[in-house]
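Structure first, then comments.
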Amino acid sequence: MNVENAKAQMRKGVLEYCILLILSNNDAYASDIINQLKDAKMIVVEGTLYPLLTRLKNAKLLSYRWEESTQGPPRKYYALTDEGRTFLGEMDTSWNALVNAVEQIHQTNKVTE
Amino acid sequence: MKKTVTINISGHMFYIDDDAYTRLQSYLDKIESTFRNQESGDEIISDIENRIAEIFNERINKETGVVTLDMVNDVIATMGEPEQFEEGEEDKKTSYTPPTTMVFRKANRRFYRDIDNRVLGGVCAGIAAYFDIDVVIIRILFVVLTLLTWGGLPLIYLILWIALPPARTTAQKLQMRGERITIENIERSIRDEYDEVKRKFGNFKQSKTYKKGESFFSRFSKQEKTTVLIIIAIVGAAMLFNMPHFHGVFHGATAAFTSIGTHFAPTFNHVFFPGAFAFVLVLLVIGLLFKTVLKIILYLIAFILLGSLALKVIFWMFGGFMLMC
(Lines give C-alpha, C1' and ligand atoms only; values in the text may rest on other atoms or scores of the structure.)
Protein backbone atom coordinates (compact mmCIF):
# COMPACT_ATOMS: atom_id res chain seq x y z
CA MET A 1 0.00 0.00 0.00
CA ASN A 2 1.70 3.19 -1.06
CA VAL A 3 1.28 6.52 0.65
CA GLU A 4 0.22 8.50 -2.41
CA ASN A 5 -2.53 6.04 -3.11
CA ALA A 6 -3.83 6.19 0.44
CA LYS A 7 -3.78 10.00 0.37
CA ALA A 8 -5.64 10.04 -2.92
CA GLN A 9 -8.25 7.68 -1.51
CA MET A 10 -8.79 10.05 1.40
CA ARG A 11 -9.17 13.06 -0.87
CA LYS A 12 -11.51 11.22 -3.12
CA GLY A 13 -13.85 10.46 -0.26
CA VAL A 14 -14.36 14.10 0.60
CA LEU A 15 -14.11 15.63 -2.86
CA GLU A 16 -17.84 15.53 -3.49
CA TYR A 17 -18.45 17.05 -0.10
CA CYS A 18 -16.01 19.85 -0.97
CA ILE A 19 -17.76 20.60 -4.25
CA LEU A 20 -21.08 20.90 -2.45
CA LEU A 21 -19.46 23.15 0.14
CA ILE A 22 -18.04 25.46 -2.51
CA LEU A 23 -21.46 25.76 -4.09
CA SER A 24 -23.28 26.28 -0.79
CA ASN A 25 -22.55 30.02 -0.73
CA ASN A 26 -22.46 30.98 -4.38
CA ASP A 27 -23.29 29.44 -7.68
CA ALA A 28 -20.10 28.88 -9.64
CA TYR A 29 -18.57 27.96 -12.97
CA ALA A 30 -16.67 24.73 -13.27
CA SER A 31 -13.48 26.78 -13.56
CA ASP A 32 -14.21 28.56 -10.24
CA ILE A 33 -14.73 25.25 -8.52
CA ILE A 34 -11.52 23.97 -10.06
CA ASN A 35 -9.55 26.99 -8.87
CA GLN A 36 -10.79 26.67 -5.31
CA LEU A 37 -10.08 22.94 -5.21
CA LYS A 38 -6.64 23.48 -6.71
CA ASP A 39 -5.80 26.20 -4.22
CA ALA A 40 -6.78 23.84 -1.44
CA LYS A 41 -4.68 21.11 -3.11
CA MET A 42 -7.71 18.85 -3.25
CA ILE A 43 -7.27 17.91 -6.89
CA VAL A 44 -4.18 17.48 -9.02
CA VAL A 45 -5.67 17.48 -12.50
CA GLU A 46 -8.77 19.31 -13.68
CA GLY A 47 -10.20 16.34 -15.49
CA THR A 48 -11.09 14.74 -12.17
CA LEU A 49 -13.82 17.29 -11.60
CA TYR A 50 -15.98 16.75 -14.67
CA PRO A 51 -17.09 13.17 -14.06
CA LEU A 52 -17.85 14.16 -10.47
CA LEU A 53 -19.94 17.18 -11.44
CA THR A 54 -21.91 15.07 -13.88
CA ARG A 55 -22.44 12.42 -11.26
CA LEU A 56 -23.69 14.98 -8.72
CA LYS A 57 -25.93 16.51 -11.34
CA ASN A 58 -27.38 13.11 -12.23
CA ALA A 59 -28.04 12.53 -8.54
CA LYS A 60 -30.03 15.79 -8.65
CA LEU A 61 -27.84 17.40 -6.02
CA LEU A 62 -26.67 20.02 -8.51
CA SER A 63 -28.31 21.87 -11.34
CA TYR A 64 -26.73 24.06 -13.95
CA ARG A 65 -27.59 26.73 -16.45
CA TRP A 66 -25.65 27.98 -19.43
CA GLU A 67 -24.19 31.44 -19.22
CA GLU A 68 -22.66 33.36 -22.08
CA SER A 69 -19.09 34.34 -21.55
CA THR A 70 -17.50 37.53 -22.86
CA GLN A 71 -14.54 35.51 -24.02
CA GLY A 72 -14.71 31.93 -25.08
CA PRO A 73 -17.57 29.45 -25.24
CA PRO A 74 -20.66 29.62 -23.00
CA ARG A 75 -20.07 28.12 -19.58
CA LYS A 76 -22.04 25.95 -17.21
CA TYR A 77 -23.05 27.75 -14.08
CA TYR A 78 -23.60 25.25 -11.30
CA ALA A 79 -25.96 25.64 -8.36
CA LEU A 80 -26.97 23.53 -5.40
CA THR A 81 -30.51 22.12 -5.52
CA ASP A 82 -32.76 21.80 -2.48
CA GLU A 83 -31.95 18.15 -2.42
CA GLY A 84 -28.29 19.07 -2.56
CA ARG A 85 -28.72 21.35 0.42
CA THR A 86 -30.32 18.61 2.51
CA PHE A 87 -27.58 16.25 1.40
CA LEU A 88 -24.93 18.79 2.36
CA GLY A 89 -26.50 19.19 5.79
CA GLU A 90 -26.20 15.47 6.39
CA MET A 91 -22.65 15.49 5.12
CA ASP A 92 -21.81 18.34 7.49
CA THR A 93 -23.06 16.34 10.42
CA SER A 94 -21.19 13.21 9.47
CA TRP A 95 -18.04 15.19 8.65
CA ASN A 96 -18.05 16.75 12.09
CA ALA A 97 -18.65 13.37 13.64
CA LEU A 98 -15.79 11.94 11.64
CA VAL A 99 -13.38 14.72 12.56
CA ASN A 100 -14.34 14.32 16.22
CA ALA A 101 -13.93 10.57 16.03
CA VAL A 102 -10.47 10.83 14.48
CA GLU A 103 -9.48 13.54 16.93
CA GLN A 104 -10.68 11.44 19.85
CA ILE A 105 -8.65 8.48 18.70
CA HIS A 106 -5.68 10.79 18.31
CA GLN A 107 -6.05 12.06 21.85
CA THR A 108 -6.58 8.66 23.43
CA ASN A 109 -3.49 7.31 21.82
CA LYS A 110 -1.40 10.35 22.70
CA VAL A 111 -2.31 9.85 26.35
CA THR A 112 -1.37 6.20 26.40
CA GLU A 113 1.92 6.86 24.67
CA MET B 1 7.25 26.51 -41.86
CA LYS B 2 4.42 24.62 -40.26
CA LYS B 3 1.15 23.35 -41.56
CA THR B 4 -1.91 24.62 -39.71
CA VAL B 5 -5.34 23.08 -39.53
CA THR B 6 -8.66 24.49 -38.41
CA ILE B 7 -10.56 22.77 -35.64
CA ASN B 8 -13.85 23.37 -33.92
CA ILE B 9 -14.02 22.69 -30.20
CA SER B 10 -17.47 23.08 -28.70
CA GLY B 11 -18.49 25.68 -31.24
CA HIS B 12 -15.28 27.68 -31.23
CA MET B 13 -12.88 27.75 -34.11
CA PHE B 14 -9.14 27.53 -33.61
CA TYR B 15 -6.16 27.44 -35.89
CA ILE B 16 -3.85 24.75 -34.65
CA ASP B 17 -0.40 23.55 -35.73
CA ASP B 18 -0.38 20.15 -37.35
CA ASP B 19 1.77 18.51 -34.64
CA ALA B 20 -0.37 20.07 -31.92
CA TYR B 21 -3.47 18.81 -33.70
CA THR B 22 -2.20 15.23 -33.75
CA ARG B 23 -1.40 15.39 -30.04
CA LEU B 24 -4.78 16.90 -29.15
CA GLN B 25 -6.64 14.42 -31.30
CA SER B 26 -5.03 11.42 -29.66
CA TYR B 27 -5.70 12.94 -26.23
CA LEU B 28 -9.37 13.50 -27.01
CA ASP B 29 -9.62 10.01 -28.46
CA LYS B 30 -8.36 8.66 -25.18
CA ILE B 31 -10.81 10.78 -23.20
CA GLU B 32 -13.57 9.54 -25.41
CA SER B 33 -12.71 5.89 -25.06
CA THR B 34 -12.53 6.31 -21.28
CA PHE B 35 -15.89 7.97 -20.82
CA ARG B 36 -17.82 6.56 -23.72
CA ASN B 37 -19.29 3.73 -21.68
CA GLN B 38 -20.00 5.70 -18.57
CA GLU B 39 -23.31 7.17 -17.64
CA SER B 40 -23.65 10.63 -19.27
CA GLY B 41 -20.29 10.03 -20.89
CA ASP B 42 -21.11 12.38 -23.74
CA GLU B 43 -21.77 15.16 -21.31
CA ILE B 44 -18.47 14.65 -19.52
CA ILE B 45 -16.63 14.61 -22.83
CA SER B 46 -18.26 17.83 -23.98
CA ASP B 47 -17.59 19.47 -20.60
CA ILE B 48 -13.93 18.62 -20.95
CA GLU B 49 -13.83 19.85 -24.54
CA ASN B 50 -15.53 23.02 -23.39
CA ARG B 51 -12.87 23.58 -20.77
CA ILE B 52 -10.12 22.96 -23.30
CA ALA B 53 -11.64 25.56 -25.60
CA GLU B 54 -11.81 27.94 -22.66
CA ILE B 55 -8.14 27.47 -21.82
CA PHE B 56 -7.13 27.91 -25.46
CA ASN B 57 -9.09 31.14 -25.53
CA GLU B 58 -7.31 32.45 -22.48
CA ARG B 59 -3.84 31.54 -23.59
CA ILE B 60 -3.95 32.01 -27.32
CA ASN B 61 -1.47 34.42 -28.81
CA LYS B 62 -3.63 37.28 -30.00
CA GLU B 63 -1.28 38.19 -32.83
CA THR B 64 -0.76 34.84 -34.47
CA GLY B 65 -3.97 33.28 -33.17
CA VAL B 66 -2.49 29.80 -33.48
CA VAL B 67 -2.64 26.98 -30.97
CA THR B 68 0.83 25.50 -30.61
CA LEU B 69 2.09 22.14 -29.42
CA ASP B 70 3.30 23.75 -26.18
CA MET B 71 -0.20 25.00 -25.47
CA VAL B 72 -1.70 21.60 -26.13
CA ASN B 73 0.85 19.96 -23.84
CA ASP B 74 0.04 22.54 -21.17
CA VAL B 75 -3.67 21.88 -21.49
CA ILE B 76 -3.14 18.14 -21.25
CA ALA B 77 -0.97 18.64 -18.17
CA THR B 78 -3.68 20.78 -16.56
CA MET B 79 -6.53 18.49 -17.47
CA GLY B 80 -4.56 15.34 -16.78
CA GLU B 81 -4.57 11.99 -18.50
CA PRO B 82 -7.78 9.97 -18.06
CA GLU B 83 -5.86 7.53 -15.87
CA GLN B 84 -5.28 10.32 -13.37
CA PHE B 85 -8.93 11.34 -13.18
CA GLU B 86 -9.95 8.47 -11.01
CA GLU B 87 -6.98 8.95 -8.79
CA GLY B 88 -6.45 6.56 -5.97
CA GLU B 89 -8.28 3.72 -7.56
CA GLU B 90 -6.20 0.60 -7.26
CA ASP B 91 -4.46 -0.95 -10.22
CA LYS B 92 -5.41 1.92 -12.47
CA LYS B 93 -2.61 4.13 -11.31
CA THR B 94 0.01 1.41 -11.10
CA SER B 95 -0.71 0.24 -14.63
CA TYR B 96 -0.47 3.76 -15.95
CA THR B 97 2.19 4.14 -18.60
CA PRO B 98 3.16 7.49 -20.10
CA PRO B 99 1.62 7.88 -23.53
CA THR B 100 5.02 8.72 -24.96
CA THR B 101 6.03 5.06 -24.70
CA MET B 102 5.81 3.75 -28.19
CA VAL B 103 5.94 0.09 -29.09
CA PHE B 104 6.08 -1.71 -32.34
CA ARG B 105 3.61 -4.48 -32.56
CA LYS B 106 2.44 -5.86 -35.82
CA ALA B 107 -0.17 -8.07 -34.23
CA ASN B 108 -2.25 -5.11 -33.15
CA ARG B 109 -3.75 -4.21 -36.45
CA ARG B 110 -7.29 -3.06 -36.76
CA PHE B 111 -9.63 -3.00 -39.68
CA TYR B 112 -10.38 0.49 -40.85
CA ARG B 113 -11.76 1.86 -44.06
CA ASP B 114 -8.92 3.55 -45.87
CA ILE B 115 -10.77 6.67 -46.97
CA ASP B 116 -7.64 8.20 -48.49
CA ASN B 117 -7.43 5.52 -51.17
CA ARG B 118 -11.03 4.77 -51.65
CA VAL B 119 -13.14 4.08 -54.70
CA LEU B 120 -16.39 3.68 -52.83
CA GLY B 121 -16.12 3.36 -49.09
CA GLY B 122 -12.48 2.37 -48.84
CA VAL B 123 -13.28 -1.16 -47.65
CA CYS B 124 -11.03 -2.84 -50.24
CA ALA B 125 -8.23 -0.36 -49.55
CA GLY B 126 -8.65 -1.01 -45.84
CA ILE B 127 -8.39 -4.76 -46.32
CA ALA B 128 -5.33 -4.25 -48.52
CA ALA B 129 -3.71 -2.04 -45.86
CA TYR B 130 -4.52 -4.57 -43.18
CA PHE B 131 -2.95 -7.49 -45.04
CA ASP B 132 -0.30 -5.34 -46.69
CA ILE B 133 -1.20 -6.42 -50.24
CA ASP B 134 -1.74 -4.38 -53.36
CA VAL B 135 -5.24 -2.98 -53.39
CA VAL B 136 -5.70 -3.82 -57.10
CA ILE B 137 -5.51 -7.53 -56.27
CA ILE B 138 -8.23 -7.14 -53.64
CA ARG B 139 -10.43 -5.21 -56.04
CA ILE B 140 -10.11 -7.74 -58.85
CA LEU B 141 -10.73 -10.51 -56.34
CA PHE B 142 -13.78 -8.59 -55.18
CA VAL B 143 -15.22 -8.36 -58.68
CA VAL B 144 -14.56 -12.04 -59.42
CA LEU B 145 -16.07 -13.11 -56.11
CA THR B 146 -19.07 -10.88 -56.74
CA LEU B 147 -19.77 -12.89 -59.86
CA LEU B 148 -19.14 -16.21 -58.13
CA THR B 149 -21.40 -15.42 -55.21
CA TRP B 150 -23.95 -13.95 -57.53
CA GLY B 151 -24.36 -10.59 -55.88
CA GLY B 152 -23.82 -11.66 -52.27
CA LEU B 153 -20.50 -9.89 -51.92
CA PRO B 154 -21.70 -6.34 -52.53
CA LEU B 155 -24.09 -6.90 -49.66
CA ILE B 156 -21.15 -7.86 -47.43
CA TYR B 157 -19.35 -4.81 -48.77
CA LEU B 158 -22.22 -2.58 -47.68
CA ILE B 159 -22.26 -4.18 -44.24
CA LEU B 160 -18.51 -3.64 -43.89
CA TRP B 161 -18.92 -0.07 -45.09
CA ILE B 162 -21.40 0.60 -42.32
CA ALA B 163 -19.62 -1.40 -39.63
CA LEU B 164 -15.98 -0.45 -40.18
CA PRO B 165 -14.85 2.92 -38.87
CA PRO B 166 -12.92 5.11 -41.28
CA ALA B 167 -9.26 5.77 -40.47
CA ARG B 168 -9.44 9.50 -39.81
CA THR B 169 -6.76 10.29 -37.26
CA THR B 170 -3.07 9.66 -37.64
CA ALA B 171 -3.21 7.12 -34.84
CA GLN B 172 -5.93 5.19 -36.64
CA LYS B 173 -4.04 5.26 -39.90
CA LEU B 174 -0.97 3.89 -38.17
CA GLN B 175 -3.06 1.25 -36.53
CA MET B 176 -4.63 0.27 -39.81
CA ARG B 177 -1.20 -0.52 -41.18
CA GLY B 178 -0.11 -2.14 -37.94
CA GLU B 179 2.56 0.41 -37.26
CA ARG B 180 3.57 2.19 -34.09
CA ILE B 181 0.88 2.61 -31.50
CA THR B 182 0.85 3.55 -27.85
CA ILE B 183 0.41 0.99 -25.12
CA GLU B 184 -2.98 2.37 -24.18
CA ASN B 185 -4.28 1.75 -27.64
CA ILE B 186 -3.18 -1.84 -27.49
CA GLU B 187 -4.96 -2.37 -24.21
CA ARG B 188 -8.14 -0.85 -25.50
CA SER B 189 -8.15 -2.07 -29.05
CA ILE B 190 -10.31 -5.13 -28.55
CA ARG B 191 -12.84 -3.29 -26.42
CA ASP B 192 -12.91 -0.35 -28.78
CA GLU B 193 -13.52 -2.46 -31.81
CA TYR B 194 -16.64 -3.82 -30.23
CA ASP B 195 -17.69 -0.45 -28.88
CA GLU B 196 -17.28 1.34 -32.17
CA VAL B 197 -19.71 -0.94 -33.91
CA LYS B 198 -22.10 -0.86 -31.01
CA ARG B 199 -21.92 2.89 -30.71
CA LYS B 200 -22.31 3.49 -34.39
CA PHE B 201 -25.39 1.35 -34.39
CA GLY B 202 -26.66 3.10 -31.26
CA ASN B 203 -26.02 6.54 -32.75
CA PHE B 204 -27.77 5.55 -35.88
CA LYS B 205 -30.80 4.43 -33.95
CA GLN B 206 -30.92 7.68 -32.03
CA SER B 207 -30.25 9.87 -35.02
CA LYS B 208 -32.95 12.01 -36.55
CA THR B 209 -32.52 10.17 -39.78
CA TYR B 210 -33.62 6.97 -38.18
CA LYS B 211 -36.54 8.58 -36.42
CA LYS B 212 -37.72 10.27 -39.57
CA GLY B 213 -37.67 6.88 -41.20
CA GLU B 214 -35.34 7.93 -43.96
CA SER B 215 -33.03 5.37 -45.48
CA PHE B 216 -29.54 4.91 -44.17
CA PHE B 217 -28.26 6.30 -47.45
CA SER B 218 -28.62 9.79 -46.09
CA ARG B 219 -25.52 9.05 -44.07
CA PHE B 220 -23.45 9.01 -47.24
CA SER B 221 -22.52 11.94 -49.36
CA LYS B 222 -24.42 12.54 -52.56
CA GLN B 223 -21.70 11.12 -54.75
CA GLU B 224 -21.39 8.03 -52.61
CA LYS B 225 -25.13 7.61 -52.72
CA THR B 226 -25.23 7.63 -56.49
CA THR B 227 -22.46 5.07 -56.72
CA VAL B 228 -24.11 2.73 -54.24
CA LEU B 229 -27.41 2.98 -56.02
CA ILE B 230 -25.74 2.22 -59.33
CA ILE B 231 -24.06 -0.86 -57.87
CA ILE B 232 -27.29 -2.08 -56.38
CA ALA B 233 -29.00 -1.52 -59.72
CA ILE B 234 -26.30 -3.54 -61.47
CA VAL B 235 -26.49 -6.43 -59.05
CA GLY B 236 -30.24 -6.35 -59.03
CA ALA B 237 -30.48 -6.28 -62.81
CA ALA B 238 -27.90 -9.03 -63.15
CA MET B 239 -29.88 -11.22 -60.80
CA LEU B 240 -33.17 -10.37 -62.43
CA PHE B 241 -32.35 -11.32 -65.97
CA ASN B 242 -30.78 -14.56 -64.87
CA MET B 243 -33.60 -15.52 -62.58
CA PRO B 244 -35.37 -18.09 -64.81
CA HIS B 245 -32.13 -20.05 -65.25
CA PHE B 246 -30.83 -19.70 -61.76
CA HIS B 247 -30.29 -23.19 -60.38
CA GLY B 248 -27.45 -22.74 -58.00
CA VAL B 249 -24.69 -20.48 -56.93
CA PHE B 250 -22.14 -21.75 -59.39
CA HIS B 251 -24.43 -22.29 -62.30
CA GLY B 252 -24.62 -18.61 -63.08
CA ALA B 253 -20.89 -18.17 -62.70
CA THR B 254 -20.10 -21.01 -65.08
CA ALA B 255 -22.51 -19.53 -67.53
CA ALA B 256 -20.92 -16.13 -67.21
CA PHE B 257 -17.48 -17.50 -67.86
CA THR B 258 -18.58 -19.57 -70.84
CA SER B 259 -20.09 -16.49 -72.32
CA ILE B 260 -16.66 -14.91 -72.49
CA GLY B 261 -15.92 -17.37 -75.30
CA THR B 262 -17.59 -17.42 -78.67
CA HIS B 263 -20.53 -19.48 -77.47
CA PHE B 264 -23.36 -17.62 -75.89
CA ALA B 265 -24.17 -18.92 -72.48
CA PRO B 266 -27.58 -20.53 -72.18
CA THR B 267 -28.26 -18.09 -69.40
CA PHE B 268 -28.30 -15.23 -71.83
CA ASN B 269 -30.41 -16.87 -74.51
CA HIS B 270 -33.28 -14.59 -73.88
CA VAL B 271 -31.27 -11.46 -73.52
CA PHE B 272 -31.10 -9.19 -76.48
CA PHE B 273 -27.49 -8.36 -75.76
CA PRO B 274 -26.06 -11.82 -75.08
CA GLY B 275 -22.51 -10.97 -74.14
CA ALA B 276 -23.66 -8.38 -71.64
CA PHE B 277 -22.41 -10.05 -68.55
CA ALA B 278 -18.90 -10.73 -69.77
CA PHE B 279 -18.75 -7.25 -71.18
CA VAL B 280 -19.81 -5.80 -67.86
CA LEU B 281 -17.16 -7.83 -66.10
CA VAL B 282 -14.43 -6.45 -68.35
CA LEU B 283 -15.71 -2.91 -67.95
CA LEU B 284 -15.81 -3.25 -64.20
CA VAL B 285 -12.21 -4.45 -64.04
CA ILE B 286 -11.11 -1.56 -66.23
CA GLY B 287 -13.05 0.83 -64.01
CA LEU B 288 -11.43 -0.46 -60.86
CA LEU B 289 -7.96 -0.30 -62.35
CA PHE B 290 -8.41 3.26 -63.54
CA LYS B 291 -10.35 5.00 -60.83
CA THR B 292 -10.83 8.20 -62.79
CA VAL B 293 -13.16 6.62 -65.32
CA LEU B 294 -14.93 4.40 -62.79
CA LYS B 295 -17.98 6.55 -62.48
CA ILE B 296 -18.56 6.79 -66.21
CA ILE B 297 -18.09 3.05 -66.54
CA LEU B 298 -20.55 2.36 -63.73
CA TYR B 299 -23.13 4.48 -65.50
CA LEU B 300 -22.40 2.65 -68.76
CA ILE B 301 -22.80 -0.74 -67.09
CA ALA B 302 -26.04 0.29 -65.48
CA PHE B 303 -27.27 1.51 -68.83
CA ILE B 304 -26.34 -1.76 -70.55
CA LEU B 305 -27.96 -3.91 -67.89
CA LEU B 306 -31.10 -1.87 -67.59
CA GLY B 307 -31.33 -1.67 -71.37
CA SER B 308 -30.97 -5.44 -71.65
CA LEU B 309 -33.59 -5.90 -69.02
CA ALA B 310 -35.97 -3.56 -70.74
CA LEU B 311 -35.42 -5.31 -74.06
CA LYS B 312 -35.96 -8.63 -72.39
CA VAL B 313 -39.26 -7.52 -70.93
CA ILE B 314 -40.37 -6.18 -74.33
CA PHE B 315 -39.39 -9.45 -76.01
CA TRP B 316 -41.16 -11.43 -73.39
CA MET B 317 -44.35 -9.48 -73.97
CA PHE B 318 -44.18 -9.50 -77.76
CA GLY B 319 -42.65 -12.97 -77.94
CA GLY B 320 -45.83 -14.52 -76.59
CA PHE B 321 -47.81 -12.54 -79.06
CA MET B 322 -45.64 -13.61 -82.00
CA LEU B 323 -45.85 -17.29 -81.02
CA MET B 324 -49.61 -17.07 -81.32
CA CYS B 325 -49.39 -15.84 -84.88
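Here is how names work: the chains are called A, B, and so on, in the same order as the sequence lines, proteins then strands, and each is numbered from 1. Only heavy atoms go into these numbers, but all of them, side chains included; no hydrogens, no water, no symmetry mates.
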Q: Compare every heavy atom of A:K38 with every heavy atom of B:T78, then report the nearest pair and how far apart it is.
A: CG2-NZ, 3.3 Å

Q. Shortest non-hydrogen contact from B:S40 to A:N58?
A. OG-ND2, 2.6 Å

Q: Would you please test B:E43 and A:L53 for side-chain contact (heavy atoms from CB on, under 4.5 Å) and show each step?
A: CA-CA 10 Å; B:E43 201 179 340; A:L53 283 175; over 6 Å; no

Q: Please state whether the side chain, the backbone, both or neither of A:T54 comes within less than 4.5 Å of a heavy atom of chain B.
A: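 Side chain of A:T54 only, per the 4.5 Å heavy-atom cut-off to chain B.
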
Q) Which answer fits A:L52, side chain, backbone, both or neither, if we ask what part of it has an atom under 4.5 Å from a heavy atom of chain B? A)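 Neither part; nothing is under 4.5 Å.
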
Q: Mind checking the OH-OG spacing from A:Y50 to B:S46? Nearest 0.5 Å is all I need.
A: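 If we round to the nearest 0.5 Å, A:Y50:OH and B:S46:OG are 10.5 Å apart.
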
Q | Straight-line distance of B:R51 CZ to A:R75 CZ, nearest 0.5 Å | A |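 Atom-to-atom, B:R51:CZ and A:R75:CZ are 8.5 Å apart.
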
Would one find more than 12 heavy atoms of other residues, nucleotides or ligands at under 6.0 Å from atom [atom1] of [X]?
| X | atom1 | value |
| --- | --- | --- |
| B:Y15 | OH | no |
| B:N8 | CG | yes |
| B:E58 | CD | yes |

Q. Relative to chain A, which of B:N50, B:I31, B:D47 shows the most heavy atom pairs under 4.5 Å?
A. B:D47

Q) Can you say whether B:I9 sits under 4.5 Å from chain A via the side chain, the backbone, both, or neither, judging by heavy atoms? A) neither

